[in-house]
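For reference, the structure discussed in these notes is given below.
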Amino acid sequence: MGLIALLTDFGMRDGYVASMKAVIQSIAPESKVIDISHDISPQNIEEAGFVLWTAYRYFPRKTIFACVIDPGVGTKRNLIAVKTRDYLFLAPDNGLLDMVLSELEIKRSVRVMREKYFLKNVSNTFHGRDIIAPIASHMMKGVKLKSFGPSITIEKPKTPFQQVSIKGAYNGLIIYIDRFGNLVSNFKMNKPRKAELVIGNYRIPLQKAYGDAKKGEPLALVGSTGLVEIAVRDGSAKDLLHALYKTPVTLNVK
Amino acid sequence: MGLIALLTDFGMRDGYVASMKAVIQSIAPESKVIDISHDISPQNIEEAGFVLWTAYRYFPRKTIFACVIDPGVGTKRNLIAVKTRDYLFLAPDNGLLDMVLSELEIKRSVRVMREKYFLKNVSNTFHGRDIIAPIASHMMKGVKLKSFGPSITIEKPKTPFQQVSIKGAYNGLIIYIDRFGNLVSNFKMNKPRKAELVIGNYRIPLQKAYGDAKKGEPLALVGSTGLVEIAVRDGSAKDLLHALYKTPVTLNVK
Amino acid sequence: MGLIALLTDFGMRDGYVASMKAVIQSIAPESKVIDISHDISPQNIEEAGFVLWTAYRYFPRKTIFACVIDPGVGTKRNLIAVKTRDYLFLAPDNGLLDMVLSELEIKRSVRVMREKYFLKNVSNTFHGRDIIAPIASHMMKGVKLKSFGPSITIEKPKTPFQQVSIKGAYNGLIIYIDRFGNLVSNFKMNKPRKAELVIGNYRIPLQKAYGDAKKGEPLALVGSTGLVEIAVRDGSAKDLLHALYKTPVTLNVK
């Protein structure tokens with residue numbers, strides 16, 4: 001039983017995700033579906049790209065990632081399927097896969113066009129159900145990538161991260177804000193170092209765990225994805241610091 | 001492995017849905033459960049009926065739909081089970097199934113009464129867990145409809161849709177507002193035609209895809225369910241037009 | 001195919017839950033995962049304990065409950081695994097399991113320490129993914145509890161409930177507020193009795209079902225967990241009565 005991982009901005013109220021799952025079960029009933037997230041902010045491609053990046057590496061080999069944040073649905077934008085060593089990715093060609101592909105070697109990629117693998121009636125507004133779900137299901141059943149359309153060349157995207165290793169001052173930005181109000185920066189740190197993160201008027205020392213700060217106080221730490229993030233013990237850094245997506249931050253490594 | 005599709009207004013915070021799934025796995029561990037939605041507005045039967053209608057047709061044959069929007073739980077309202085050519089539906093007898101049944105032929109329907117198939121202790125407030133989940137599980141295991149209670153006759157509900165085919169002015173209303181703020185009308189259009197939708201002071205031309213409008217501008221289009229809907233490119237029609245459920249709309253077909 | 005039931009405060013937006021499920025599918029692909037809730041208020045251990053308590057008894061034997069409400073992650077708090085007659089529970093040692101364990105006999109309990117069963121790189125902020133998900137998966141594959149760490153002794157927690165049987169006045173409090181705004185008290189009543197619940201200036205008679213009150217009126221009733229709760233017909237008791245978690249209530253049993 002193989003896995004299909006779904007990532008959309010459909011929410012769970014409207015039945016759109018259910019329609020995709022229903023299509024998958026109709027075509028490939030043996031597949032197991034895992035929801036990555038359906039609560040991506042409407043049409044927020046960067047947010048979706050980040051969430052995919054945090055989760056994909058934990059999935060077993062051969063997982064098919066079907067991603068539908070698709071403001072261009074019904075226009076001439078392309079749908080692409082990308083094969084890497086371990087995974088298959090399926091998404092609109094709008095940058096959603098950039099963060100993931102910046103760190104993977106692309107084995108093959110195609111533009112998804114072969115209508116034979118679509119639902120019979122394709123709407124202009126819901127390709128998640130009419131194209132992406134059936135294509136993912138046919139992939140699950142073993143149809144080869146090249147059957148879905150012509151090969152294309154995808155240039156390897158630039159990494160959005162800054163590797164922090166030697167001492168100095170690094171300029172970066174907040175690239176994600178999670179449910180707890182933690183502010184995730186684009187500073188990547190493999191081993192924790194003595195450092196201080198500057199955001200607005202705050203100078204925040206890097207510590208080891210949430211519990212190392214006092215209640216209500218901000219702290220910086222290397223989060224679960226290897227990125228430096230700002231948290232507030234038993235609180236929300238987003239609320240305390242009034243930070244937004246793309247707020248600039250500086251990291252002083254000592 | 002058969003499918004049980006769940007539709008409730010329980011939300012996902014409280015553990016009510018989990019209790020239903022736990023009951024299903026206890027009685028029919030081979031079944032696969034798909035969530036249609038659990039975020040129906042509390043006790044909003046029409047909303048649930050619409051969401052079910054948009055999704056059900058994509059499910060594989062023999063899917064069992066277990067629906068619990070049940071303001072009358074614990075009173076004398078009936079629970080009904082309805083068999084159509086392809087599906088089984090289980091719900092309170094409160095109109096939830098009307099939209100679906102308006103377009104399906106009913107093969108058999110019963111009033112669900114046989115306590116032998118309920119949980120041992122039936123509460124007065126949670127028949128989803130105590131009756132509907134176990135009944136769906138026994139259906140999954142092959143128990144015939146007639147075992148659950150006496151046959152009843154259900155009159156075929158009237159369609160809530162207006163088929164739009166020839167030119168003229170049609171009066172209708174908004175019957176659903178989705179997560180993106182798209183306003184779905186009850187105008188059904190099989191093939192896109194030249195038309196204009198009037199709502200309040202707005203006259204909105206019918207177009208093909210979301211991308212055919214400028215950013216922030218409203219457009220009308222035939223949505224993924226074949227109904228005419230109003231959207232705003234990269235925005236929310238609900239917020240722009242201040243429209244509510246049941247707002248009247250007129251469609252001028254040219 | 002065994003069940004792993006997940007309970008977290010991660011929400012479904014960020015991909016944290018997906019990472020846990022991905023780890024589980026990588027180690028124990030035959031397992032079936034059921035979400036109890038991921039919308040527990042951030043770091044609200046009591047709320048999580050209550051939700052677990054309402055749902056756990058409906059799960060089939062041998063279900064593994066993996067619970068991650070973990071404000072102390074990365075500090076010296078322990079992770080514990082507890083075996084009862086029917087179930088396995090895995091959680092931080094922060095009181096989350098108290099309500100459940102107050103009514104179960106503990107067969108064995110260990111402190112989870114054996115790094116061999118963790119992911120290779122354990123972060124300081126996400127033990128749900130790096131420790132709890134892999135431990136649950138190894139449990140699913142049959143690894144014995146004692147392999148995960150040294151035995152510990154857990155004192156049986158005191159029950160938070162008040163059994164209401166003979167007539168008199170009982171003092172209690174609101175211990176949970178659900179999605180519908182129902183206020184759940186800690187009064188346990190096996191058989192409905194003539195009674196009146198007092199909250200603020202309201203004296204609310206105990207009735208049988210939601211439908212026994214007029215629209216917009218509050219009523220008390222024995223809810224689906226055997227606890228007395230306050231509801232408002234077609235409305236929200238929380239909004240009408242301005243009640244909060246831990247609001248005191250009195251039950252006069254006649």
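Residue numbering restarts at 1 for every chain, and letters A, B, ... go by the order of the sequence lines.
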* What part of C:His38 lies closer than 4.5 angstrom to a heavy atom of chain A: side chain, backbone, both or neither? -> backbone
* To do: Output the option from C:Pro42, C:Ala133, C:Gly72 having the highest count of non-hydrogen pairs under 4.5 Å with chain A.
  => C:Pro42
* Could you have a look at C:Asn124, C:Val17, C:Asp14 and say which one has the most heavy-atom pairs with chain A under 4.5 angstrom? => C:Asp14
* Just give me the residue among C:Gly11, C:Pro71, C:Gly74 that pairs up with chain A most often, heavy atom to heavy atom, under 4.5 Å. => C:Gly11
* Backbone N or O of C:Asp9 within a donor-acceptor pair of the A:Arg179 side chain at under 3.5 Å? -> yes
* Asked: Does atom CG of A:Asp239 have more than 12 heavy-atom neighbours from other groups under 6.0 Å away?
  -> yes
* **A:Lys32 vs C:Gln25 side-chain heavy atoms within contact, under 4.5 Å** => yes
* Is the count of non-hydrogen atoms from other residues, nucleotides or ligands lying under 6.0 Å from A:Arg203 atom CZ greater than 12? -> no
* Asked: Minimum heavy-atom separation for A:Gly223 to C:Thr125, with atom names?
  -> C-OG1, 3.7 Å
* Distance from C:Asp35 atom CG to A:Asp35 atom CG, nearest 0.5 Å? -> 8.0 Å
* Side chain from CB out, backbone as N, CA, C, O: work out which of these in C:Pro29 comes under 4.5 Å of a heavy atom of chain A, or both, or neither. => backbone
* Asked: Between A:Phe180 and C:Phe10, what is the ring plane arrangement, given parallel below 30°, perpendicular above 60°, and tilted in between?
  -> perpendicular
* Asked: From C:Tyr16 OH over to A:Thr54 OG1, what is the distance, rounded to the nearest 0.5 angstrom?
  -> 7.0 Å
* To do: Mark yes when over 12 heavy atoms from residues, nucleotides or ligands other than A:Lys238 sit less than 6.0 Å from its NZ; otherwise mark no.
  => no
* For chain C, the option from A:Val51, A:Asp178, A:Asp39, A:Ile36 that forms the most heavy-atom pairs under 4.5 Å -> A:Asp178
* Asked: Tell me, side chain or backbone of C:Leu119 under 4.5 Å from chain A's heavy atoms, or both, or neither?
  -> side chain
* Does C:Arg129 reach the main-chain N or O of A:Ser224 with its side chain, forming a donor-acceptor pair under 3.5 Å? -> yes
* To do: Tell me, for A:Ile177 versus chain C, whether the close heavy atoms (under 4.5 Å) come from the side chain, the backbone, both or neither.
  => backbone
* Checking A:Asp234 against chain C: side chain, backbone, both or neither under 4.5 Å from a heavy atom? -> both
* Counting only heavy atoms not in C:Glu115, do more than 12 sit closer than 6.0 Å to its CD atom? -> no
* Is there a donor-acceptor pair under 3.5 Å between the side chain of C:Ser26 and the backbone N or O of A:Tyr58? -> yes
* Portion of A:Leu7 that has a non-hydrogen atom of chain C nearer than 4.5 angstrom -> neither
* Contact origin within A:Phe50 toward chain C - heavy atom pairs under 4.5 Å -> neither
* To do: Please flag which part of A:Leu3 lies under 4.5 Å from any non-hydrogen atom of chain C: side chain, backbone, both or neither.
  => side chain
* Asked: Is the NZ atom of C:Lys156 crowded by more than 12 outside heavy atoms at less than 6.0 Å?
  -> yes
